[in-house]
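Below: the structure, in structure tokens.
Residue numbers count from 1 along this sequence. Both ligands and their constituent atoms are indexed starting at 1 by order of listing.
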Amino acid sequence: MTIANPAFATRTCRYGADALREAALLIRAGELVAVPTETVYGLAADATDDQAVAAIYSAKGRPSFNPLIVHVADLDMAERLADFSPMARLLAERFWPGPLTLVLPVRADSGLSALVTAGLPTVALRLPAHPAMRSLVRESGRPLAAPSANRSGSISPTRAEHVLASLSGRLRLVLDEGPTSEGLESTIAAPEADRVRLLRPGPVTAAMLEQAAGVPVTGAGDTSRIEAPGQLESHYAPSKPVRLNALRAEKDEYLIGFGLMPCHINLSLEADMREAAANLFSALHVADASAAASIAVAPIPVEGIGAAINDRLRRAAA
Ligand code: TXA
Ligand code: MG
């Protein structure tokens, strides 16, 4: 079993019908499988199985007070797990499937393992756009708890290789479907009657939420108010020191650039924010593996998805 025997071979399979069937069998047996989503790769297990969920915490080295996101295949499944207010339904209808996680009151009859919510009265639900996670939920017939597939506190994986570098020997199977398209973890929001609380900035921006909800979005860009328990100040952290707003590389620094500038790797030559978001974690992985002693990152504008990019960079540097 996963907890008792943490060292076994991790297989990587190209995502497809056969790999999916095998992944679903593993999930039903209480094992861990890494699965791509449009944001980052997730480390998935049956959210209704206490031992499987415990194995996620153990594989990641994650503190058990930090609850997990539960992935569903459709809105019906989500409504069996949590209570949807009219505001919650409006946001789900507007942004699902997609990179938005909704924090909602968990239903007493949800069947979810109490470890998933870490004892909170709420559950974080996500209906991803990427077909791999949705298909695995359907094929296994289980809601899937899935945090990012990396050791706790380190950089999130946007490629199968990143998962292996961080967790090899701690899970059975990685479904490989190449680099993820968004590159940053989902936006986390808690809808209320008269406002939406933004708990983690992400690809669905505060402006997009505000426009859809027609009520104020609070907590945006104000880190002291971020209330997702996992939003610890130091997170997404490479093993080396990180210097922000760097215009040139100092001695022994690996410079991650943005826009046309001399640098070691560029997030987007055209200064395109979505491209920069998609490339961010991969660039941090490359910089971390380089011979340089430390990492420097060029300034990134804060508009749109830039809020989420800067949020992750601040935590990487903390
Ligand atoms: O894009 C994503 O969201 C990826 C993919 C795999 O779906 N998942 C992901 O999971 O980023 P993770 O575990 O790395 O981040 C989940 C965050 C944590 O900060 C956690 O504290 C927060 O969600 N969270 C989970 N349940 C919560 C709840 N009931 N209330 C507030 N925050 C919650
Ligand atoms: Mg994470």
Side-chain angles (χ1 to χ4, degrees), residues 32-45 47 53 56-57 59-72 81-83 95-107 110 112-130 132-134 136-137 143-158 162-163 166-167 174-175 177 180-192 197-204 219 223 225-237 277-278 281 308 311-312 315-316:
L32 307 182
V33 177
V35 194
T37 77
E38 71 276 27
T39 58
V40 299
Y41 278 68
L43 182 63
V53 176
I56 293 180
Y57 285 100
K60 279 183 64 86
R62 177 171 175 130
S64 58
F65 58 78
N66 187 3
L68 306 175
I69 295 176
V70 175
H71 297 70
V72 294
L81 302 176
D83 290 324
F95 294 107
W96 282 1
L100 175 67
T101 296
L102 293 173
V103 171
L104 305 171
V106 64
R107 282 176 55 151
S110 70
L112 292 171
S113 163
L115 289 172
V116 167
T117 53
L120 294 174
T122 52
V123 62
L125 293 182
R126 167 153 141 73
L127 175 51
H130 196 296
M133 181 68 88
R134 286 209 316 266
L136 187 57
V137 171
L144 294 178
S148 51
N150 54 278
R151 296 280 296 170
S152 184
S154 67
I155 311 165
S156 291
T158 56
H162 300 158
V163 178
S166 190
L167 292 177
V174 181
L175 292 180
E177 227 268 306
T180 64
S181 61
E182 301 289 337
L184 295 180
E185 302 84 354
S186 63
T187 304
I188 304 181
E192 291 176 1
R197 282 187 300 124
L198 183 65
L199 306 183
R200 177 173 74 183
V204 174
T223 48
R225 294 282 307 280
I226 289 197
E227 292 167 61
Q231 291 300 87
L232 307 175
E233 208 41 60
S234 172
H235 208 124
Y236 314 103
F281 288 150
D311 169 77
R312 303 307 190 274
R315 292 171 207 284

Which option wins on minimum heavy-atom distance to [atom]: [options]?
atom                    : options                : answer
atom 18 (C) of ligand 1 : N66, L68, V123         : N66
atom 27 (C) of ligand 1 : P67, P105, A34, P63    : P67
atom 1 (O) of ligand 1  : L184, L100, V35, T39   : T39
atom 12 (P) of ligand 1 : P147, G202, A189, P157 : P147

Of the backbone atoms (N, CA, C, O) and the side-chain heavy atoms from C-beta on, which set of [X] has a member under 4.0 Å from an atom of ligand 1: side chain, backbone, both, or neither?
X    : answer
H71  : side chain
A146 : backbone
L120 : side chain
R197 : neither
T117 : neither

Closest non-hydrogen atom pair between [X] and [Y], with its separation:
X    : Y    : answer
R151 : G61  : NH1-N, 3.9 Å
L184 : A308 : CD1-CB, 3.7 Å
V70  : L81  : CG1-CD1, 4.0 Å
P63  : S152 : CD-OG, 3.7 Å
I56  : L43  : CD1-O, 3.7 Å
V204 : P99  : CG2-O, 3.8 Å

Answer with yes or no whether the side chains of T39 and R126 bring together a donor and an acceptor at under 3.5 Å.
->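 Yes, T39 and R126 have a side-chain donor paired with an acceptor closer than 3.5 Å.
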
Determine whether the side chains of S148 and E185 contain a donor N or O and an acceptor N or O closer than 3.5 Å.
->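 On atom types as modelled, these side chains do not qualify, holding no pair under 3.5 Å.
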
Output the distance between atom CG (L68) and atom CG (L144), rounded to the nearest 0.5 Å.
->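 One finds 11.5 Å between CG of L68 and CG of L144.
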
Got a second to check how far T122's OG1 is from L199's CG, nearest 0.5 Å?
->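 Taking OG1 in T122 and CG in L199, the distance rounds to 9.0 Å.
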
Using a 4.0 Å cutoff against the non-hydrogen atoms of [X], which atoms of ligand 1 qualify?
X    : value
I188 : 17 (C), 22 (C), 23 (O)
G42  : 6 (C)
I69  : 3 (O), 8 (N), 9 (C), 10 (O), 16 (C), 23 (O)
R200 : 2 (C), 3 (O), 9 (C), 11 (O), 15 (O), 16 (C), 17 (C)
T122 : 28 (C), 29 (N), 30 (N)
R62  : 12 (P), 13 (O), 14 (O), 18 (C)
S148 : 8 (N), 9 (C), 10 (O), 12 (P), 14 (O)
A124 : 25 (C), 26 (N), 27 (C)

In sequence, state the C-alpha distance, the side-chain angles, and the governing distance for S166 and K60, and then conclude on side-chain contact (heavy atoms from CB on, under 4.5 Å).
-> CA-CA 9 Å; S166 190; K60 279 183 64 86; over 6 Å; no

Would you say the side chain of S156 lies within less than 4.5 Å of the side chain of H162, judging by non-hydrogen atoms?
->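 No. Closest side-chain heavy atoms not under 4.5 Å.
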
Would you check if the Mg ion (ligand 2) lies under 2.8 Å from any N, O or S atom of S152?
->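 False for S152.
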
N/O to N/O below 3.5 Å, does that happen between R126 and ligand 1?
->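 Yes, R126 has an N/O under 3.5 Å of an N/O on ligand 1.
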
